[in-house]
Amino acid sequence: MDHARYSDLFLTEGREHLVTCAHLLLELEQAPRELEPVHGLFRAMHTLKGMAATMGYSQVTDLSHQMETVLDAVRRGERRVNRPLIDVLLETVDALTAGIERAVAGQDAELDFRDLLARLNKRPRTRKRTSSDATIPETKPSPAGMWVEVVIDPAAPMRGGRAAVLLREAEALGAVSGVTPPASELERESFTGQFGFHLASDAAPAAIATRLRTVGDVLDITCVPRAAGSRTPGPSERDAAKRSTPTVRVDRRRLDALMNQIGELVVTKNRLASLAAGGGGELSAAIDRMARLVSEMQAEVMLARLTPVAEVVDRFPRMVRDLSRVVGKEVSLNVEGRHIEVDRSILEQIGEPLLHLLRNALDHGIESVETRVKAGKPRAGRLSLLAARERNSVAFEVRDDGAGIDRAAILEKARREGSVPDSVTSLTDEQLLEVLARPGFSTAERVTSVSGRGVGVDVVLTRIRALGGSVEIRSEVGHGTSVTLRLPLTVVLLRALLARVGEERYVIPVTHVAETVLLDSRSATTLDGRQALTLRDQVIPTVRLRDLAGCATEPTPARQPCVVFEVGARRTALVVDALLGQEEIVVEPFEPPSGTPAVFSGATILSDGVPSLILDAAAVV
Amino acid sequence: MSHTILVCDDAIFMRTMIGDILTGAGYEVVGEAETGVQAVDQYSRLKPDLVTMDIVMPEMGGIDAVREIRRLDPDAKILMCSAMGQQALVVEAIQAGAKDFVVKPFQPSRVLEAVQRVLG
């Protein structure tokens with residue numbers, strides 16, 4: 001059999017089934033009497049076993065088989081669900097997860113699961129055969145006929161199954177009775193393959209024998225004329241059906257390629273549109289139509305690329321469970337919004353930063369049980385991961401009800417390091433973030449195995465900023481900390497405003513844009529000595545793009561357009577020379593040359609082929 | 001004219017493998033199903049000469065699907081595919097009306113033998 005061809009499929013499906021198993025085990029732990037998760041677990045293990053057996057991975061097959069057996073016992077009420085059982089099953093899932101990778105690499109024979117196998121086997125199961133189990137039927141006594149002796153290949157798998165097929169064949173020929181050994185014995189492992197029964201039929205024994213010999217794995221049939229045996233009904237019902245929607249599986253690389261192509265198409269379309277502008281007539285009409293079609297196509301591909309964040313966050317409950325044991329604390333993780341869908345490009349990037357934040361919270365945020373009880377808090381710390389859609393972005397919040405960040409200690413350390421002037425007496429949330437985000441900054445004296453050395457916030461911040469997103473921290477000593485990551489809905493193709501300052505054009509992604517307004521003599525004002533703008537009932541500080549970009553100052557015209565940024569609860573208005581409309585841009589990888597102001601996070605090529613810098617709203621606000 | 005076959009299994013991996021074995025021997029795989037519900041649906045639409053049916057599937061397992069299909073068509077020819085160790089299910093499937101079974105891991109020759117037997 002050509003293994004190489006099927007390895008990819010095996011791995012993809014195997015991984016999926018194991019992730020499902022881990023998830024279901026956690027569900028089961030919370031609701032030990034539920035049967036649904038057990039059924040799901042059983043099916044997943046059964047499938048994995050079948051695939052592994054087909055690939056010839058005997059170690060993986062054996063371990064999955066053992067877990068399937070345990071699950072079967074749970075299913076039939078012969079084994080109870082408790083903590084130790086969940087533990088060993090989770091360990092088995094882990095071992096299989098690593099095992100399938102090694103097996104595909106040709107190392108199945110080196111896998112050693114003996115310890116796990118022994119532990120899975122530990123509770124001797126009392127096999128209670130109830131009448132609800134499937135049995136091979138025995139019929140009422142009947143008159144003339146023949147005695148049929150069957151020899152099934154003793155080496156055949158599922159000899160009992162073969163016996164069932166044969167008896168079924170026989171039943172089509174006449175009444176079957178007196179099965180010896182009795183039906184219940186035929187399904188045992190100890191069944192050697194030899195059994196006999198009475199068949200009431202007028203047909204010639206030789207003819208019957210020939211007919212029955214065609215059943216698979218049958219070595220021999222002997223039919224001898226003879227006479228007469230009672231019926232117990234058999235089978236039990238199986239799972240109920242649920243509804244489903246038709247879907248197709250697509251290799252995700254195809255979606256990535258499709259997305260890239262659409263990106264190029266959009267840029268070219270824009271170029272075409274600007275070239276044809278003013279041309280009028282049929283050319284314009286055709287280009288308009290094409291533009292609409294491309295937009296629709298783009299929308300479809302974006303929808304196809306949308307993936308529920310569950311794909312990334314579903315593994316966290318397990319991780320929190322394990323880690324909380326390592327650090328010796330009691331912590332529960334509450335996840336909300338796992339059904340929210342975001343583009344794949346975001347999903348791929350958000351896992352690690354969230355992991356950092358969760359680990360930090362576990363390690364430094366949540367206090368020990370002792371400390372919590374003394375402070376009048378519930379024993380178990382509450383960790384929450386909340387995903388939510390905002391206007392043009394998606395927000396992930398990691399919140400804990402732990403000790404909160406000790407601003408005084410941080411301020412002191414920052415002062416000692418000289419990164420904060422002595423005049424600062426207390427840190428605002430923004431300042432706190434900035435200080436924490438300095439590479440290597442950490443007040444934890446011990447390096448723990450969970451969080452590592454001060455690596456955390458700065459890595460998270462860099463990664464999120466690079467994606468055009470923002471980070472926000474809120475913390476209160478004694479009550480807890482909340483870190484919110486905001487990201488645009490996709491990082492491949494962005495909607496953006498085009499702004500001009502002097503001769504240069506700059507691109508502003510709409511991710512954090514609340515609105516655009518005009519700054520003139522009526523709306524201009526000051527706030528704490530800084531330039532500001534009144535917008536309805538708010539006063540918003542202003543910043544000049546001209547200044548940020550390092551352009552020469554010029555006399556201020558009477559009226560200037562502003563882009564109002566909104567990052568979390570904070571707002572700032574960016575003053576520009578002119579707003580040139582909206583564009584869809586493809587974000588290009590960006591290596592900023594030294595001297596580039598920090599407010600630019602990327603670059604792109606505009607529709608007329610001219611490169612332009614992308615502004616990072618979070619750096620401005 | 002070659003016989004038509006409907007392949008039912010919740011793993012693409014298995015469907016691909018079985019499909020390859022069958023087409024390699026000249027059979028025509030006219031449909032695939034991932035769940036018992038789909039199997040019954042496809043059967044009524046395609047009326048294949050034979051069905052290969054995985055025993056354990058989500059949303060109606062193989063055994064229930066066998067029963068449903070036999071209700072639609074008492075002459076339906078169904079071949080069960082089972083992994084090792086689920087003999088009780090296999091027996092139940094046979095009693096529900098499946099004609100024969102093969103055990104994973106498959107040997108192509110045995111699968112084809114069983115198909116021939118079931119097709120009669």
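Residue numbers start from 1 in every chain, and the chains themselves are labelled A, B, ... in the order their sequence lines are given, proteins ahead of strands.
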Residue B:A11 versus chain A: region with a heavy atom under 4.5 Å: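 Both parts, heavy atoms under 4.5 Å.
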Part of B:Q107 within contact of chain A (heavy atom distance under 4.5 Å): neither
Interatomic distance, A:M51 atom CE to B:M17 atom CE [nearest 0.5 angstrom]: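 It is 10.5 Å, given to the nearest 0.5 Å.
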Residue, of A:T12, A:L9, A:D72, A:L48, that accumulates the most heavy atom pairs under 4.5 Å with chain B: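 Counting heavy-atom pairs under 4.5 Å, the top option is A:L9.
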Polar side-chain atom of [X] near backbone of [Y] as donor-acceptor pair, under 3.5 Å:
X	Y	result
B:Q87	A:R159	yes
A:R168	B:K99	no
A:R43	B:V56	no

Compare every heavy atom of [Y] with every heavy atom of [X], then report the nearest pair and how far apart it is.
X	Y	value
B:A83	A:G50	CB-CA, 4.0 Å
B:I94	A:A164	CG2-O, 3.6 Å
B:P105	A:A53	CB-O, 3.0 Å
B:D10	A:E13	O-OE1, 3.9 Å

Of all pairs that satisfy side-chain hydrogen bond (donor to acceptor under 3.5 Å, both in side chains), the ones with a partner from residues 111-120 of chain B, not counting sequence neighbours: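 Listed once each, the pairs are B:D100-B:R117.
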Pick from [options]: which one has the most heavy-atom pairs with chain A under 4.5 Å?
options	answer
B:D54, B:D20, B:D9, B:V90	B:D20
B:T16, B:I55, B:I12	B:I12
B:M84, B:K104, B:E34	B:M84

Side chain, backbone, both or neither of A:E16 within contact of chain B (heavy atoms, under 4.5 Å):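 Nothing of A:E16, per the 4.5 Å heavy-atom cut-off to chain B.
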Side chain / backbone / both / neither for A:H65 at chain B, heavy atoms under 4.5 Å: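 For A:H65, the side chain is the part near chain B, not the backbone.
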Note, B:F13 side chain near A:T54 side chain (heavy atom, < 4.5 Å):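 Heavy-atom side-chain distance check passes, below 4.5 Å.
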Side-chain heavy atoms of A:R162 within contact of B:V91, under 4.5 Å: no
